[in-house]
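See below for the structure under consideration.
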Amino acid sequence: MTDTAKAVAEAFVTARREKRALPSYPGQAPTDLGSAYRIQDFAIDMDGRAVVGWKVGKINPPDDARLASNRLAGPIFEDSVVSAGAAESLDMPVFVQGFAAAEAEFLLHVAAGWDGVVPQDDASTRAILDAVHLGIEVASSPYPGINDDGPPVTVSDYGNNYGLVVGPALSGWETINFDAIAVRLEIDGEVAGEATTATMLDGPLGAVRFLLGNLATRGIDCSKGTWVSTGAVTGVHPVRPGQQVLATFAGHGSVACGIVAAAA
């Protein structure tokens, strides 16, 4: 299994470096999360870039029961993170013949110095944060079936992450009720989705707890601090090069990006 996992990891890392699609899954697809995270861990090691954050995604029924988890995680690399002001729309690349989507998300930052103890409630989770921002996760993979083939396959290729747009800071995050903020995502001026975090299991703070538990189990240290892209609020919305994405967080601002083709 180790050789198989390494071969899949190497195929994904190479395709991402060369900015080319993979029309079929590159090897034996994992069917459980343990095997999937093993591929992901090998890929992170082969990749060699600095990981500055993690994306968290939801695992829907009935897969959540079968896999004994209702969320999944994937790394966010330093060179794929951009900071955008309220009036900016920076270009974000995607794999043209692979999978590409945009997601409106709350980005929570775990402060440096986390001691490895996973918080058990919202108050103790807020206590280990030092910032919250509005954001857009760009989900893209060389393999077009990354989500269709199930959560283990999604996990195996970095959880389908390809970039993060860090927008304006969320003022009052220390006490704010995330569920009270209406979120809307538009593509080329058309509404693609509207929702609140009330639809997201135990919300952004719960996503942080899940991630820290996941990393601790895998022996991954994030004591230097880490971003957590906490999950798609309005859904996973397919995009293609040339489109403009705008995520609006009612009463708190917006963040935007353009979608372009990844080029070697």
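Only this structure's heavy atoms are used, side chains among them; waters, hydrogens and symmetry mates stay out. Since this is a predicted model, take the numbers as computed values, not measurements.
At a threshold of 4.5 Å between side-chain heavy atoms, the hydrophobic network of Ile, Leu, Val, Met, Phe, Trp and Tyr places Val56 and Val51 in one connected group. Clustering ILVMFWY residues whenever any of their side-chain heavy atoms sit less than 4.5 angstrom apart, transitively, puts Val155 in the very cluster that holds Met46. The cluster map of Ile, Leu, Val, Met, Phe, Trp and Tyr, joined by side-chain heavy atoms under 4.5 Å apart, puts Leu108 and Leu170 in the same cluster. Val228 and Ile76 sit in two unconnected hydrophobic clusters of ILVMFWY residues. Membership requires side-chain heavy atoms under 4.5 Å apart, directly or through other members. Following chains of ILVMFWY side-chain contacts shorter than 4.5 Å, one cannot reach Trp54 starting from Leu201, and the two form parts of different hydrophobic clusters.
Side-chain atoms of Glu137 never come within 3.5 Å of backbone atoms of Gly135 as a donor-acceptor pair (strictly under, hydrogens ignored). In terms of modelled atom types and a separation under 3.5 Å, the side chain of Trp173 and the main chain of Ile176 share no donor-acceptor contact. Between the side chain of Gln243 and the backbone N or O of Arg240 there is at least one donor-acceptor pair closer than 3.5 Å. Here the side chain of Arg184 pairs no donor or acceptor atom with the backbone of Ala195 at under 3.5 angstrom. Although no hydrogens or angles enter the test, the distance criterion places a donor-acceptor pair under 3.5 Å between the side chain of Lys55 and the main chain of Gly159.
With sequence neighbours left out, Arg66 forms a side chain to side chain donor-acceptor pair (under 3.5 Å) with Asp63. Gln244 pairs by the side chain to side chain donor-acceptor pair (under 3.5 Å) definition with Ser89, not counting sequence neighbours. Under the side chain to side chain donor-acceptor pair (under 3.5 Å) criterion, Asp91 pairs with no residue at all, not counting sequence neighbours. In this view, Val52 and Glu78, Val81 satisfy the side chain to side chain contact (heavy atoms under 4.5 Å, CB included) rule, not counting sequence neighbours. For the salt bridge (Lys or Arg N to Asp or Glu O under 4.0 Å) test, residues two or more places apart in sequence or in another chain that qualify with Asp79 are Arg49. Residues that satisfy the salt bridge (Lys or Arg N to Asp or Glu O under 4.0 Å) test with Glu18, not counting sequence neighbours, are Arg20. Pro93 meets the side chain to side chain contact (heavy atoms under 4.5 Å, CB included) test with Tyr162, Val260, Ala262; sequence neighbours excluded. Every residue two or more places apart in sequence or in another chain was checked for a side chain to side chain donor-acceptor pair (under 3.5 Å) with Thr230, and none qualifies. By the ring pair (Phe, Tyr, Trp, His ring centres under 6.0 Å) test, His109 pairs with Trp227, sequence neighbours left out. With sequence neighbours left out, the salt bridge (Lys or Arg N to Asp or Glu O under 4.0 Å) criterion links Glu105 to no other residue.
Here the side chains of Pro119 and Ile128 are in contact, with some heavy-atom distance below 4.5 Å. Side chains of Val8 and Gln28 form no contact here, defined as non-hydrogen atoms less than 4.5 Å apart. Looking at heavy atoms from C-beta onward, Thr4 lies out of side-chain contact with Arg38 at the 4.5 angstrom threshold. With contacts defined as side-chain heavy-atom distances shorter than 4.5 Å, the pair Leu72/Pro151 qualifies. A heavy-atom distance below 4.5 Å is found between the side chains of Leu129 and Val110.
Within the model, atoms CG of Leu67 and CG of Leu33 stand 4.5 Å from one another, a figure rounded to the nearest 0.5 Å. Once rounded to the nearest 0.5 Å, the distance linking CD of Glu174 with CZ of Arg126 reads 8.5 Å. How far CH2 of Trp114 is from NZ of Lys224: 15.0 Å, rounded to the nearest 0.5 Å. Distance check: Ile136 CD1 to Leu185 CG gives 6.5 Å after rounding to the nearest 0.5 Å. Ser83 contributes atom OG, which lies 8.5 Å from atom CG of Leu90 (distance to the nearest 0.5 angstrom). If you take CG on Leu22 and OG on Ser141, they are separated by 7.5 Å, rounding to the nearest 0.5 Å.
Minimum heavy-atom separation, Val96 to Ala261: CG2-CB, 3.3 Å. Pairing each heavy atom of Gly53 with each of Thr226, the nearest pair is CA-OG1, 3.3 Å. Ala29 approaches Val153 most closely through the heavy-atom pair CB-CG2, 3.9 Å. In this structure, Thr199 and Val233 approach most closely via the heavy-atom pair OG1-O, 4.0 Å. Pro142 and Arg16 make their closest contact through CG-CG, 3.8 Å (heavy atoms, listed as atom of the first residue, atom of the second, distance). Nearest heavy atoms, Val236 versus Asn147: CG1-ND2, 4.4 Å.
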Before giving the answer on side-chain contact (heavy atoms from CB on, under 4.5 Å), spell out for Thr248 and Leu134 the whole-Å C-alpha distance, their side-chain angles and the decisive distance to 0.1 Å. CA-CA 9 Å; Thr248 303; Leu134 315 179; over 6 Å; no
Does the side-chain contact (heavy atoms from CB on, under 4.5 Å) test come out yes or no for Val166 and Val82, once each step is laid out? CA-CA 6 Å; Val166 181; Val82 300; over 6 Å; no
Under the side-chain contact (heavy atoms from CB on, under 4.5 Å) rule, what do Val138 and Val94 come out as? Steps first, then yes or no, please. CA-CA 8 Å; Val138 176; Val94 298; 3.7 Å; yes
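With Tyr158 as reference, Phe77 is the one residue of Phe12, Phe42, Phe77 to meet the ring pair (Phe, Tyr, Trp, His ring centres under 6.0 Å) rule. Across Asp149, Thr154, Asp157, Asn160, a single residue satisfies side chain to side chain donor-acceptor pair (under 3.5 Å) together with Tyr143, and that is Asp149. When each of Leu246, Leu164, Val239, Val245 is paired with Cys257, the side-chain contact (heavy atoms from CB on, under 4.5 Å) condition holds for Val245 and for no other.
For Phe106 and Phe249, the gap between ring centers is short of 6.0 Å.
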Donor-acceptor pairs under 3.5 Å, side chain of residues 206-221 to any protein atom, not counting sequence neighbours: which ones?
residue : atom : partner : partner atom : Å
Arg209  : NH1  : Asp121  : O            : 3.2
Arg209  : NH1  : Asp122  : OD1          : 3.0
Arg209  : NH1  : Thr125  : OG1          : 2.9
Arg209  : NH2  : Asp122  : OD1          : 3.2
Asn214  : OD1  : Arg218  : NH1          : 2.9
Asn214  : ND2  : Tyr37   : OH           : 3.3
Thr217  : OG1  : Gly213  : O            : 2.9
Arg218  : NE   : Asp41   : OD1          : 3.3
Arg218  : NH1  : Gln40   : OE1          : 3.4
Arg218  : NH2  : Gln40   : OE1          : 2.8
Arg218  : NH2  : Asp41   : OD1          : 2.5
Asp221  : OD1  : Ser223  : N            : 2.9
Asp221  : OD1  : Ser223  : OG           : 2.9
Asp221  : OD2  : Ser223  : OG           : 3.1

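The side-chain hydrogen bond (donor to acceptor under 3.5 Å, both in side chains) contacts involving residues 187-197 comprise Asp179-Thr197, where partners must be two or more places apart or lie in separate chains.
The existence of a salt bridge linking Asp45 and Lys6 is excluded, since no basic side-chain nitrogen approaches an acidic carboxylate oxygen closer than 4.0 Å.
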